[in-house]
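What follows is a single structure, written as C-alpha coordinates, with notes after it.
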Amino acid sequence: ERLHQHQAQSPKSHLYSVSPKTTGFHKKPRSEVRKCRKVYGMENRDQWCTQCKWKKACSRFVD
DNA sequence: GATGCCGGGTC
DNA sequence: GACCCGGCATC
Ligand SMILES: [Zn+2]
(Lines give C-alpha, C1' and ligand atoms only; values in the text may rest on other atoms or scores of the structure.)
Protein backbone atom coordinates (compact mmCIF):
# COMPACT_ATOMS: atom_id res chain seq x y z
CA GLU A 1 0.00 0.00 0.00
CA ARG A 2 0.93 3.67 0.24
CA LEU A 3 2.24 3.92 -3.30
CA HIS A 4 3.66 7.19 -4.55
CA GLN A 5 0.38 8.60 -5.74
CA HIS A 6 1.24 12.15 -6.74
CA GLN A 7 -2.16 12.86 -8.19
CA ALA A 8 -3.68 15.61 -6.05
CA GLN A 9 -5.69 16.41 -9.20
CA SER A 10 -7.35 14.85 -12.23
CA PRO A 11 -9.79 12.46 -10.54
CA LYS A 12 -10.68 11.44 -14.08
CA SER A 13 -7.35 9.63 -14.48
CA HIS A 14 -6.98 5.93 -13.88
CA LEU A 15 -6.83 6.11 -10.11
CA TYR A 16 -7.24 2.35 -9.89
CA SER A 17 -4.87 0.25 -7.83
CA VAL A 18 -4.43 3.30 -5.64
CA SER A 19 -7.50 3.65 -3.45
CA PRO A 20 -8.40 2.00 -0.12
CA LYS A 21 -11.70 0.94 -1.66
CA THR A 22 -10.31 -0.52 -4.89
CA THR A 23 -7.28 -2.02 -3.18
CA GLY A 24 -9.01 -3.15 -0.01
CA PHE A 25 -5.99 -1.88 1.95
CA HIS A 26 -6.08 0.65 4.75
CA LYS A 27 -5.59 4.43 4.69
CA LYS A 28 -3.16 6.93 6.17
CA PRO A 29 -3.66 7.67 9.89
CA ARG A 30 -5.30 11.07 10.10
CA SER A 31 -2.10 12.26 11.78
CA GLU A 32 -0.54 12.90 8.35
CA VAL A 33 -3.53 13.29 6.08
CA ARG A 34 -4.56 16.87 5.24
CA LYS A 35 -7.66 16.88 3.05
CA CYS A 36 -10.04 19.70 2.10
CA ARG A 37 -11.87 19.91 5.45
CA LYS A 38 -8.81 20.12 7.71
CA VAL A 39 -6.94 22.40 5.26
CA TYR A 40 -9.66 24.99 4.60
CA GLY A 41 -11.89 24.50 7.65
CA MET A 42 -15.67 24.63 8.14
CA GLU A 43 -15.55 28.42 7.61
CA ASN A 44 -14.41 27.84 4.00
CA ARG A 45 -16.51 24.81 3.12
CA ASP A 46 -17.19 26.36 -0.31
CA GLN A 47 -13.51 25.73 -1.14
CA TRP A 48 -13.71 21.97 -0.39
CA CYS A 49 -14.13 19.46 -3.18
CA THR A 50 -17.71 18.32 -3.80
CA GLN A 51 -17.18 14.90 -2.19
CA CYS A 52 -15.89 16.47 1.05
CA LYS A 53 -18.89 18.83 1.11
CA TRP A 54 -21.12 15.75 1.15
CA LYS A 55 -18.94 13.87 3.69
CA LYS A 56 -17.90 11.34 1.04
CA ALA A 57 -14.44 10.07 0.05
CA CYS A 58 -12.29 13.06 -1.01
CA SER A 59 -11.76 13.33 -4.79
CA ARG A 60 -9.07 16.04 -4.75
CA PHE A 61 -6.59 14.47 -2.32
CA VAL A 62 -6.92 10.82 -3.27
CA ASP A 63 -5.18 9.59 -0.06
C1' DG B 1 -13.77 16.71 20.05
C1' DA B 2 -12.53 16.26 15.43
C1' DT B 3 -11.42 14.35 10.66
C1' DG B 4 -12.76 11.27 7.17
C1' DC B 5 -16.22 8.01 5.25
C1' DC B 6 -20.50 4.85 4.24
C1' DG B 7 -25.18 4.26 4.47
C1' DG B 8 -29.12 6.45 4.15
C1' DG B 9 -32.08 10.50 3.21
C1' DT B 10 -34.19 14.76 0.51
C1' DC B 11 -35.43 17.12 -3.78
C1' DG C 1 -28.11 13.52 -10.66
C1' DA C 2 -27.06 17.13 -7.24
C1' DC C 3 -27.28 17.89 -2.48
C1' DC C 4 -26.61 16.75 2.71
C1' DC C 5 -26.45 14.57 7.64
C1' DG C 6 -26.40 10.45 11.29
C1' DG C 7 -23.52 7.49 13.01
C1' DC C 8 -19.44 4.93 12.70
C1' DA C 9 -14.20 3.93 12.62
C1' DT C 10 -10.33 6.12 13.90
C1' DC C 11 -7.29 9.33 15.96
ZN1 LIG D 1 -11.85 16.85 -0.71
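- Taking every heavy atom of residues 31-48 of chain A and every atom of DNA chain C, pairs under 4.0 Å involve A/Ser31, A/Arg45, by number.
- DNA chain C is contacted by A/Trp54, A/Lys55, A/Lys56 of residues 49-56 of chain A, taking any non-hydrogen atom closer than 4.0 Å.
- A donor-acceptor pair is defined here as one N or O able to donate and one able to accept, closer than 3.5 Å; such a pair exists between the side chain of A/Arg45 and the backbone of A/Lys53.
- Although no hydrogens or angles enter the test, the distance criterion places no donor-acceptor pair under 3.5 Å between the side chain of A/Lys35 and the main chain of A/Cys52.
- Residues A/Cys36 and A/Cys49 share a closest heavy-atom pair of SG-N, 3.5 Å.
- For A/Arg30, the listed nucleotide lying nearest its side chain is C/dT10; candidates were C/dT10, B/dC5, C/dC11.
- The side-chain hydrogen bond (donor to acceptor under 3.5 Å, both in side chains) search around A/Gln51 returns none, not counting sequence neighbours.
- Tracing side-chain contacts under 4.5 Å through hydrophobic residues (I, L, V, M, F, W, Y), one never reaches A/Phe61 starting from A/Val33; they form parts of separate clusters.
- The minimum heavy-atom distance between A/Tyr40 and A/Asn44, with the atom names listed, is O-ND2, 3.0 Å.
- Shortest non-hydrogen contact noted between A/Lys38 and A/Arg30 is NZ-O, 3.0 Å.
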